[in-house]
*Asks:* 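Take a look at the following structure, please.
The chains referred to below are lettered A, B, ... by the order of the sequence lines, with proteins before strands, and numbering in each begins at 1. In this text the structure is predicted, and so the values were computed from the model without any measurement.
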Amino acid sequence: DSKAAASGSEGVLANFFNSLLSKKPATSP
Amino acid sequence: EMQDMLTQKATELFMLCDKEEKGFITKRDMQRLGGELPLTPDQLEAVFDSLDDDGNGYLTLEEFTEGFGGFLGFGSED
């Protein structure tokens with residue numbers, strides 16, 4: 001399976017998402 | 001070439017979210033990532049909203065790539 005191979009990408013994905021979160025504060029309707 | 005690399009990496013990450021290969025990502029897909037990424041469902045939803053430019057509830061590869069480009073420092077045109 002390819003799960004192990006994807007773990008590096010998941011780290012990148014987590015960084016990407018965290019950067020989006022730090023740029024845009026959580027929604028405040 | 002940078003653009004190619006960006007597209008390639010963004011596609012790879014997109015596939016991690018779009019496990020069913022639908023061609024788009026929904027909030028449900030994002031929330032499923034909570035098991036794999038150190039983010040809460042709320043945070044994943046906020047990420048989704050910030051990437052879903054047109055707010056139609058479907059995150060396309062195009063929108064995803066644009067957001068990822070911004071993350072890597074590729075300014076968008078506008």
*Asks:* How would you list, by chain and number, every residue that makes a salt bridge (charged side-chain N to carboxylate O under 4.0 Å, His left out) with D29(B), sequence neighbours excluded?
*Replies:*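 Once residues adjacent in sequence are excluded, the partners of D29(B) under the salt bridge (charged side-chain N to carboxylate O under 4.0 Å, His left out) criterion are K22(B), R32(B).
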*Asks:* Would you call the rings of F64(B) and F68(B) parallel, tilted or perpendicular, where under 30° means parallel and over 60° means perpendicular?
*Replies:*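 Parallel.
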*Asks:* Would you give me the side-chain donor-acceptor pairs under 3.5 Å for residues 2-10 of chain B, sequence neighbours excluded?
*Replies:*
unit_1, atom_1, unit_2, atom_2, d
T7(B), OG1, Q3(B), O, 2.8
K9(B), NZ, E12(B), OE2, 3.3

*Asks:* Examine whether an atom of L39(B) lies under 4.5 Å from a heavy atom of chain A, and if so say whether it belongs to the side chain, the backbone or both; otherwise answer neither.
*Replies:*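 The answer is the side chain of L39(B).
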*Asks:* Under 4.0 Å between a side-chain nitrogen and a carboxylate oxygen: does that hold for K19(B) and E36(B)?
*Replies:*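 Result for this pair is yes, salt bridge flagged.
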*Asks:* Select, from L44(B), L33(B), L13(B), the one with the greatest count of heavy-atom pairs under 4.5 Å involving chain A.
*Replies:*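 Most heavy-atom pairs under 4.5 Å with chain A: L13(B).
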*Asks:* With a 4.5 angstrom heavy-atom cut-off, is it the side chain or the backbone of L72(B) that approaches chain A, or both, or neither?
*Replies:*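 It is neither, since no heavy atom gets under 4.5 Å.
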